[in-house]
There are 2 protein chains.
Amino acid sequence: MGVTIHDVARAAGVSVASASRALSGRRKVTPETAERVARAAAELGYQPNAVAKALRDQTTGTIGMVVPGIGNPFFTTIVEAVERELQNSGVDLLLCSSRYDPQIEARRLGTLLARRVDGLIISPCDIEASVPAVLDAARRVPLVQLDRHIEGGAADWVGVDDEAGVTLAVEHVIAGGARSVVFAGSRLVSSSARLRFSGFERAASRAGVEVLPPLLGEFTLEWGVEAGRLLLDADRLPDAVICGNDEIAVGLVRSLRLGGARIPEDVSVVGFDDVGHATMCDPPLSTVRQPVEEMAAEAVRLLGQVKAGDPRPAQRIAITPRLVVRQTSRPPAAGGAD
Amino acid sequence: MGVTIHDVARAAGVSVASASRALSGRRKVTPETAERVARAAAELGYQPNAVAKALRDQTTGTIGMVVPGIGNPFFTTIVEAVERELQNSGVDLLLCSSRYDPQIEARRLGTLLARRVDGLIISPCDIEASVPAVLDAARRVPLVQLDRHIEGGAADWVGVDDEAGVTLAVEHVIAGGARSVVFAGSRLVSSSARLRFSGFERAASRAGVEVLPPLLGEFTLEWGVEAGRLLLDADRLPDAVICGNDEIAVGLVRSLRLGGARIPEDVSVVGFDDVGHATMCDPPLSTVRQPVEEMAAEAVRLLGQVKAGDPRPAQRIAITPRLVVRQTSRPPAAGGAD
DNA sequence: ATCGAGCGGGAAATCGATTACCCGAGTTTC
DNA sequence: GAAACTCGGGTAATCGATTTCCCGCTCGAT
């Protein structure tokens, strides 16, 4: 089923070396041979075997990407951004999902390494459990972490400054008059979850407002709905809820409204990410925007510089996010400082 | 950077043949050699080179999957289902997005073929423009179309019976009392778009109800919102809207309600797919459920049977969907036939 | 004692593309 | 006119794992 370069060479009446040279153009051949080889290749429908080329060249022209889940719009957005970034470089992306499971993640990394990818971009699902597999992979090929990262700072990373982002959100709701705040996020299993939560705690305590016990579940719409119910069940509602991502925020807004709360009059809600349906939410969601394109571009750029097992200290590139104020949060109080 | 089987063999003091046999277990070796090879492999951190293995074996242990877009929850759901279906079979999935562009799709197919995937699962983005690339690929490797398909019926396919599904939806809203209906779907560029629309027209005209001009745009939430606005701008609202997928339906429900229409009292809305946020919609969406797990399983099974360039007539497996009635459609009129 | 079977191991071919190396013919240079 | 050089082309090595083919040894049967 495979037309090889030998077939092409035979059909053109030249050696495989000439055929290869004619097709790749990496050494001159006479116009005549070029012509005959080209014709033979076209007639036979020759398509070079990338596997053989990869073995010989010791490079596959692929990079692997591992994300926790492709059901989450944030990750699909970032995957698409990386794909766009790569599309004219001749490199193909091999995309894998770890389904939020460090074991599956390790297996995926293993098969990507076995397939000799030239580099890896990974958003490790677990800040602790992902450590060995990620460090091991980083020892073998250039590796850049994107968005999430493992603890310890031993591998290069590109992402958003989570703490700065959450701080923007907290200061914004406080400027809008909030006196009691709560954080609705995910269990502290990923770096994003941890940093957004710790950023929240720090900013809120610095501002001196009342901090209610956090609601930590999953980065999903369902958990947002659940969290909203939990808030409604309590004695009183907080003035503001800072959410770990937009999906939680959308679910939360929905269930709070269903419970009779007015958004933003009774409760301000701020999300994180600004991808997917934040603008289509009702009302449109105030949120912290992740500069996804920029992050993807930076990750690809950095990947080009990283060498496997490089003893040089790892780089950590934290891009500062921007707050996008829409209609789920009260604007700064009139006459306020800003 | 690569430990090869030669290194392992040398460290164990045996030939590469013995090392290979010890590691694969495909021929007996003495317990002693087995032990020494295993130890040497472990100590050196040997990981077989899948590229070399693929070249030698003439099989890569991968299958390629090409979908129009990973931003659409229906496709991510079906990708996840295929992944689950494959996870214990030892084959890896190489996932690509065509971004709804037949040119990108053809390029992706080309590189997957160059990488010598053992099979292909594809949801062709365009019913016409995708034809040459899909047929060409089907000539080289086993190929199964999943969900969408090209015209002409020349390549195997597994999917849902779109016409039957839409018919269920139309009959349901009519049983609920609808006398005027409209279809809000996507432009007729894919098989799904065409069949759902034609199924709608047939079912509606057979039932003898009034059929308003269709609204054809994209399979997106945004288009659903826009379609809702268009309906509101007209003289009067239809009794029911059948949507091409759930995203359109969710957007449509939202904008109709924003315009003051009550769902389902004033307008019944039915979606298609039943993935993603249909249950989380407000109110929960009535929709036609695609049996995604079953489709994925069937596709993988069929792929195992298909041979490249098989002259045998292509199979078309259409699974009949089920209507899931939730709260965006009026229930059958009391005293009705059912 | 001999023949054959069975067993474990090694050398080398194989997969397909690329390229280092070599060769012969033609051209330039002193 | 001979040495040096250029140019196009061919042969064979290379990448790493697997497997075919062959060899030598042992054991059992006759």
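Numbers restart at 1 for each chain; the letters A, B, ... are given by sequence-line order, proteins then strands.
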- Query: Considering heavy-atom distances to DNA chain D, does R21(B) or P48(B) have its closest nucleotide positioned more toward the 5' end?
  - Reply: P48(B)
- Would you classify S20(B) as touching base, sugar-phosphate or nothing, given that sugar-phosphate means primed atoms plus P, OP1 and OP2, and contacts are heavy atoms under 4.0 Å? base
- Under 4.0 angstrom between T4(A) side-chain N/O and dC15(C) OP1 or OP2: no
- Query: Can you check the R116(B) CZ to dG16(C) P distance for me, whole Å?
  - Reply: 8 Å
- Answer yes or no: is there an ion pair linking R194(B) with E128(B), defined by an N-O contact shorter than 4.0 Å? yes
- When the distance from NZ of K28(A) to C1' of dT6(D) is rounded to whole Å, what number comes out? 11 Å
- Item | Distance below 4.0 Å between R56(A) side-chain N/O and dG16(C) OP1 or OP2 | no
- Note on the structure: Sorted by position of nearest nucleotide on DNA chain C, 5' first, the leading residue of D57(B) and V16(B) is V16(B)
- Message: Tell me the interatomic distance from Q47(A), atom CD, to dG16(C), atom C1', rounded to whole angstroms.
- Response: 13 Å
- Query: Nearest to the side chain of Q58(B), which nucleotide is it out of dC15(C), dC21(D), dG9(D)?
  - Reply: dC15(C)
- Provide, to the nearest angstrom, the distance between the CZ atom belonging to R10(A) and the P atom belonging to dT11(D). 13 Å
- Task: Whole angstrom is fine here: how far is it from NE2 in H6(B) over to P in dT18(D)?
- Result: 12 Å
- Using 4.0 Å as the upper bound for N to carboxylate O, is an ion pair formed by R39(B) and E35(B)? yes
- Query: Phosphate oxygens OP1/OP2 of dG16(C): is one of them under 4.0 Å from a side-chain N or O of Y46(A)?
  - Reply: no
- Result for 5'-nearest mapping on DNA chain C, choosing between A17(B) and A50(A), is A17(B)
- CZ/R26(A): more than 12 non-hydrogen atoms of other groups inside 6.0 Å: no
- Query: Is there a donor and acceptor pair, one atom on the side chain of R27(A) and one on the base of dG9(D), closer than 3.5 Å?
  - Reply: yes
- Message: With a cut-off of less than 4.0 Å, is there a side-chain N or O of T33(A) near OP1 or OP2 of dG8(D)?
- Response: no
- Message: Can you tell me if T30(B) touches the phosphate of dC7(C), counting only side-chain N or O atoms and a distance under 4.0 Å to OP1 or OP2?
- Response: no
- Task: Measure from NZ on K53(A) to P on dC15(D) and round the result to the nearest Å.
- Result: 16 Å
- Which nucleotide, dG9(D), dG16(C), dT19(D), lies nearest any side-chain atom of N49(A)? dG16(C)
- How many Å lie between CZ on R26(B) and P on dT18(D), as a whole number? 9 Å
- Message: I'd like to know if E105(A) pairs up with R99(A) as an ion pair, taking the criterion as any Lys NZ or Arg NE/NH1/NH2 lying under 4.0 Å from an Asp or Glu carboxylate oxygen.
- Response: no
- Item | Exercise: identify the closest heavy-atom pair between P102(A) and C125(A) | N-SG, 3.6 Å
- Item | Between P of dT11(D) and CD1 of I5(A), the distance in whole Å | 14 Å
